[in-house]
Structures are given as structure tokens and as C-alpha cells.
Amino acid sequence: MANTQAMTTSFMGELMTATHNFGVAPTRGTTAVDSFKAALYLTSATVNASTTAYSASNEVSGTNYVAGGVAVTFGTPPTATNSSTTAGVAFVTPSASITYTTVTLSTAFDAVLIYNSTQSNKAVSVHTFGSQTITAGTFTLTMPSNTTAAALLRIATT
């Protein structure tokens, strides 16, 4: 088993049905922006492009870690660009780092699943990093710049 970084296949299809709303001015039937969460997974888990929804199976557990993870804030709506010299790119990045405060996670973990808790816990993406453990500390995932080249979630045309 291994965790693999990927935008989930189900998420890409759900974009076409307007299932997920990262923005502040939705166009689907509701005016509320969706809530997203980030859950950490053990190195022995298998979360990848085939993951369709959050599951507590193989999620980390420990002191001050709440099953389901923490809230992810998308303060800036997705952006799309296109020009005569570059392919079109749509992108979005959480507006703040993802932080797990004063946790003890003694079993090794190496992945985070971002998922839409408003929409039946549907998976968005899996991000991997080096194997970690933490004792009574704060674990922070620092977010990249919200740009066409660095955003956490990017979709590009060719």
C-alpha cells in the first residue's frame, strides 16, 4: 500500500456537474460556499487518484487530533487565465496554511486528503510529503502561492 499524490478522478468529473464550490459567488442552486477539510493518513494507507470520499480507515489518530481533520479555508475564489501565448489554467489555493495544533501522532503519516464536507465528504485531492510523527507539537502544511504555476489545485489546457 502507498499514498500517491493526485487530484482525484472523481473530483475532475464532479467539476462538470458543479458539485464543488470553492468560490464566494456560486452559480448553482445554493448561495452557500462549500466547507472543505483536510485529514491526515498513515503511511500504510492507500489514498490516491481513485479515492472518492473521506474515510476514517487508516486516518491518523492521537492526542488532540479530531477524526476528519481540520477546516480548510479558501478565501479567494478560483481564478482562470488564458492568453494567446499560454494555455488556459484554472487554479485555487487555500488562503491559509493547514495546521494541526498541539497534536501527538506517534504512528507515521505521509499524506493529507482534502475533501468537501458539504458534499457528502467527496474527495478533492491527495497531497503527499515525507513520513512524519509528532509529539505534543504543531504540524503545519504551508500552502504554495496562488498562481498559475504554483497553486495547490491547477487544471490546465494544452
Side-chain angles (χ1 to χ4, degrees), residues 1-28 30 32-62 64-80 89-103 105 107-134 138-156:
M1 293 189 272
N3 298 314
T4 308
Q5 184 161 299
M7 188 176 302
T8 64
T9 305
S10 59
F11 170 70
M12 290 187 282
E14 290 158 359
L15 287 175
M16 298 300 195
T17 60
T19 298
H20 304 275
N21 179 15
F22 294 90
V24 295
T27 57
R28 61 176 194 219
T30 179
V33 175
D34 290 344
S35 296
F36 295 85
K37 295 184 90 176
L40 296 172
Y41 283 85
L42 301 172
T43 57
S44 59
T46 302
V47 287
N48 53 38
S50 297
T51 302
T52 58
Y54 161 77
S55 169
S57 178
N58 292 308
E59 182 180 10
V60 301
S61 63
N64 293 329
Y65 180 86
V66 176
V70 297
V72 177
T73 304
F74 288 94
T76 303
T79 303
V89 179
F91 58 96
V92 66
T93 295
S95 56
S97 295
I98 299 171
T99 303
Y100 305 83
T101 306
T102 319
V103 293
L105 304 170
T107 305
F109 61 97
D110 68 352
V112 63
L113 171 69
I114 296 178
Y115 67 96
N116 187 334
S117 60
T118 303
Q119 300 297 324
S120 304
N121 295 331
K122 292 181 183 293
V124 172
S125 58
V126 176
H127 304 274
T128 57
F129 41 82
S131 179
Q132 306 284 317
T133 61
I134 189 165
T138 297
F139 180 71
T140 302
L141 294 166
T142 303
M143 293 298 104
S145 299
N146 192 33
T147 65
T148 58
L152 190 66
L153 298 173
R154 291 177 304 220
I155 300 172

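This is a predicted model, so every value here is computed, not measured. Atom set for the values below is all heavy atoms of this structure, side chains included, hydrogens, waters and symmetry mates excluded.
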Problem - Qualifying residues under side-chain contact (heavy atoms from CB on, under 4.5 Å), relative to K122, sequence neighbours excluded - result: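 So K122 forms a side-chain contact (heavy atoms from CB on, under 4.5 Å) with E14, T19, H20, Q119.
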Exercise for the section: Please name all residues satisfying side-chain contact (heavy atoms from CB on, under 4.5 Å) with S145, sequence neighbours left out, ordered by chain then number. Expected result: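 S145 satisfies side-chain contact (heavy atoms from CB on, under 4.5 Å) with T147, A150 only.
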Keeping [X] on the side-chain end and [Y] on the backbone end, is there a donor-acceptor pair under 3.5 Å?
{"X": "S95", "Y": "T73", "value": "yes"}
{"X": "S117", "Y": "S35", "value": "yes"}
{"X": "T128", "Y": "A111", "value": "no"}
{"X": "S97", "Y": "T140", "value": "no"}
{"X": "N64", "Y": "T102", "value": "yes"}

Problem - Which residues share a ring pair (Phe, Tyr, Trp, His ring centres under 6.0 Å) with Y100, sequence neighbours left out - result: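 For Y100, the residues satisfying ring pair (Phe, Tyr, Trp, His ring centres under 6.0 Å) (neighbours in sequence not counted) are Y65.
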Problem - Test ring pair (Phe, Tyr, Trp, His ring centres under 6.0 Å) applied to F109 - qualifying residues, sequence neighbours left out - result: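 Expected list: F139.
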Within a strict 4.5 Å, meaning less than it, do heavy atoms of the [X] and [Y] side chains meet?
{"X": "V103", "Y": "V60", "answer": "no"}
{"X": "V72", "Y": "I98", "answer": "yes"}
{"X": "L40", "Y": "Q132", "answer": "no"}

Shortest non-hydrogen contact from [X] toward [Y]:
{"X": "L42", "Y": "D110", "result": "O-OD1, 3.8 Å"}
{"X": "F91", "Y": "T148", "result": "CE2-CG2, 3.4 Å"}
{"X": "T99", "Y": "T138", "result": "CG2-CG2, 3.3 Å"}
{"X": "A38", "Y": "Y115", "result": "N-CE2, 4.4 Å"}
{"X": "T52", "Y": "S10", "result": "CA-OG, 3.6 Å"}
{"X": "A6", "Y": "A49", "result": "CB-CB, 3.7 Å"}

Report the distance from atom [atom1] of [X] to atom [atom2] of [Y], rounding to the nearest 0.5 Å.
{"X": "Y41", "Y": "N58", "atom1": "OH", "atom2": "CG", "answer": "8.5 Å"}
{"X": "N116", "Y": "N121", "atom1": "CG", "atom2": "CG", "answer": "8.0 Å"}
{"X": "D34", "Y": "F74", "atom1": "CG", "atom2": "CZ", "answer": "10.5 Å"}
{"X": "H127", "Y": "L141", "atom1": "NE2", "atom2": "CG", "answer": "9.5 Å"}
{"X": "N3", "Y": "L113", "atom1": "CG", "atom2": "CG", "answer": "10.0 Å"}

Practice task
Can you tell me which residue pairs pass the salt bridge (Lys or Arg N to Asp or Glu O under 4.0 Å) test with a partner in residues 40-61, sequence neighbours excluded?
Solution key: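 Not a single pair qualifies under salt bridge (Lys or Arg N to Asp or Glu O under 4.0 Å).
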Practice task
Just grab all the salt bridge (Lys or Arg N to Asp or Glu O under 4.0 Å) pairs involving residues 138-154, residues at least two apart or on different chains.
Solution key: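 Passing the test, one end in residues 138-154: no pairs.
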Handout entry: CA sep, side-chain torsions, deciding dist, call: I114, L152, side chain to side chain contact (heavy atoms under 4.5 Å, CB included)
Key = CA-CA 11 Å; I114 296 178; L152 190 66; 3.6 Å; yes
